[in-house]
Amino acid sequence: MKANRASIARAVDQPDRRIRFYLLHGPDEAQSRALGARLAESLGAERVVLSGALLKSDPAALTDEAAAIGLFGEKRLVWVEPAGDDIAPAVEALFEAPGVESPAVAIAGALRKTSALLKLAEGSPLATAFASYLPEGADAERMVIDLARRLGLKLSPPVAARVADSAENDQAIVAQELQKFALYLGASPESPRELDHDAVDAVGAAAAEGDGSRLMDLALSGEVRELARELASLPGGVEGIPLVRALQRRLLMLAPARARIERGESLDAVMTSFGRALFWKDKPVVGRMLSLWDSQALATAAERASRLERSLLFSAVPEQEALGEELLTLARVARPRSARR
């Protein structure tokens with residue numbers, strides 16, 4: 001069945017036991033993942049992660065996992081990512097099974113209207129399909145307010161619009177920013193706090209241009225020597241937080257693009273799809289990064305960046321030294337094998 005914005009909210013917050021499969025697709029993969037996370041939370045379930053590549057080679061694996069019972073009776077949600085038409089035979093087998101213990105959710109990117117997986121999900125009463133698009137205007141404000149409420153943050157529409165605009169309406173970046181605000185204000189669902197413009201000024205995302213962006217690109221491109229020279233030439237007193245957030249934004253841009261490559265798209269096709277969203281001078285370095293980092297490594301880098309930011313915010317570590325150490329670590333990881341010899 002095809003869901004709209006109102007019905008998908010009900011579907012993930014009040015799951016119907018008859019639904020075996022949730023297809024969350026569309027260009028806004030961050031929103032798809034957030035909906036999947038809400039489903040897992042509503043079910044009180046732990047995720048059992050399967051890759052699309054596994055289901056392509058073993059279609060029965062999806063039904064096997066959905067039919068399995070947790071060792072200690074815990075609830076489970078079978079999470080498939082990345083997903084595409086290759087998993088259609090596995091989903092068809094899931095629908096044909098006499099019964100399942102756990103539902104499955106697939107996180108897919110943009111699917112064509114002729115997609116076999118999309119047709120299968122929209123045509124079955126055992127499935128729910130929803131396409132996520134980047135919100136705009138009032139929809140973006142509502143998205144920010146809804147995410148903030150879950151973290152114990154109260155904010156006005158103008159503040160919500162500012163947060164959305166600073167994150168270019170990307171739900172993953174918005175969620176990350178709101179988590180920082182909640183930490184800064186000591187907010188929680190049990191102890192809500194007001195998020196105002198002053199708090200946004202204090203710890204909100206900053207546009208880290210120029211030298212800051214160059215540092216991030218050198219690190220993620222594996223340019224160890226050049227990065228070391230740049231770090232050595234930085235003036236004293238450089239603030240680390242804006243630079244860490246520049247790194248986080250770059251990682252959040254790379255992650256969905258790399259996932260598409262791992263689903264089988266060519267690097268050239270993925271780079272072309274950026275269009276005007278990526279400045280032409282940045283395309284060669286972004287292409288290089290996508291060839292050096294896989295999805296798991298990007299996820300690990302994002303976790304390290306988040307830990308570094310928390311350390312800079314809430315401890316007395318020397319910002320410039322801590323940032324430099326982390327960037328050099330990333331550069332060594334990214335450095336091409338041929339250059340390591």
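Computed over heavy atoms, backbone and side chain alike; hydrogens, waters and symmetry mates excluded.
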Tell me, yes or no, whether the heavy-atom count around E325 atom CD, taken from other residues, nucleotides or ligands under 6.0 Å, exceeds 12. no
Under 3.5 Å, side chain of S124 to main-chain N/O of L120, donor-acceptor pair present? no
Please answer whether the main-chain N or O of L117 pairs with a side-chain N or O of D85 as donor and acceptor at a distance below 3.5 Å. yes
Keeping the roles fixed (side chain from S42, backbone from V12), state whether a donor-acceptor pair exists under 3.5 Å. yes
Out of R214, R332, R288, which one pairs with E223 under the salt bridge (Lys or Arg N to Asp or Glu O under 4.0 Å) rule? R288
Give the intermediate values and the outcome of side chain to side chain contact (heavy atoms under 4.5 Å, CB included) for residues F21 and L126. CA-CA 7 Å; F21 181 66; L126 301 176; over 6 Å; no
Residues E92, K119: salt bridge by 4.0 Å N-O rule: no
Heavy atoms of other groups near E41 CD, more than 12 under 6.0 Å: no
Verify salt bridge (Lys or Arg N to Asp or Glu O under 4.0 Å) between D13 and R38, making sure each step is shown before the conclusion. CA-CA 7 Å; D13 291 336; R38 284 170 62 177; 2.6 Å; yes
Hey, is CZ on R225 packed in by over 12 heavy atoms from elsewhere, all under 6.0 Å? no
Pairing of E141 and R162 as salt bridge, 4.0 angstrom limit: no
Indicate yes or no: does D217 engage R250 in a salt bridge with an N to O separation below 4.0 Å. yes
Non-hydrogen side-chain atoms of S191 and R193 separated by less than 4.5 Å: yes
Could you tell me whether E326 and R304 have a side-chain N and a carboxylate O separated by less than 4.0 Å? yes
Applying side-chain hydrogen bond (donor to acceptor under 3.5 Å, both in side chains) to S273 and R260, what does each step give before you reach the verdict? CA-CA 11 Å; S273 70; R260 289 172 57 188; 2.9 Å; yes
Salt bridge flag under 4.0 Å for residues K75 and E46: no
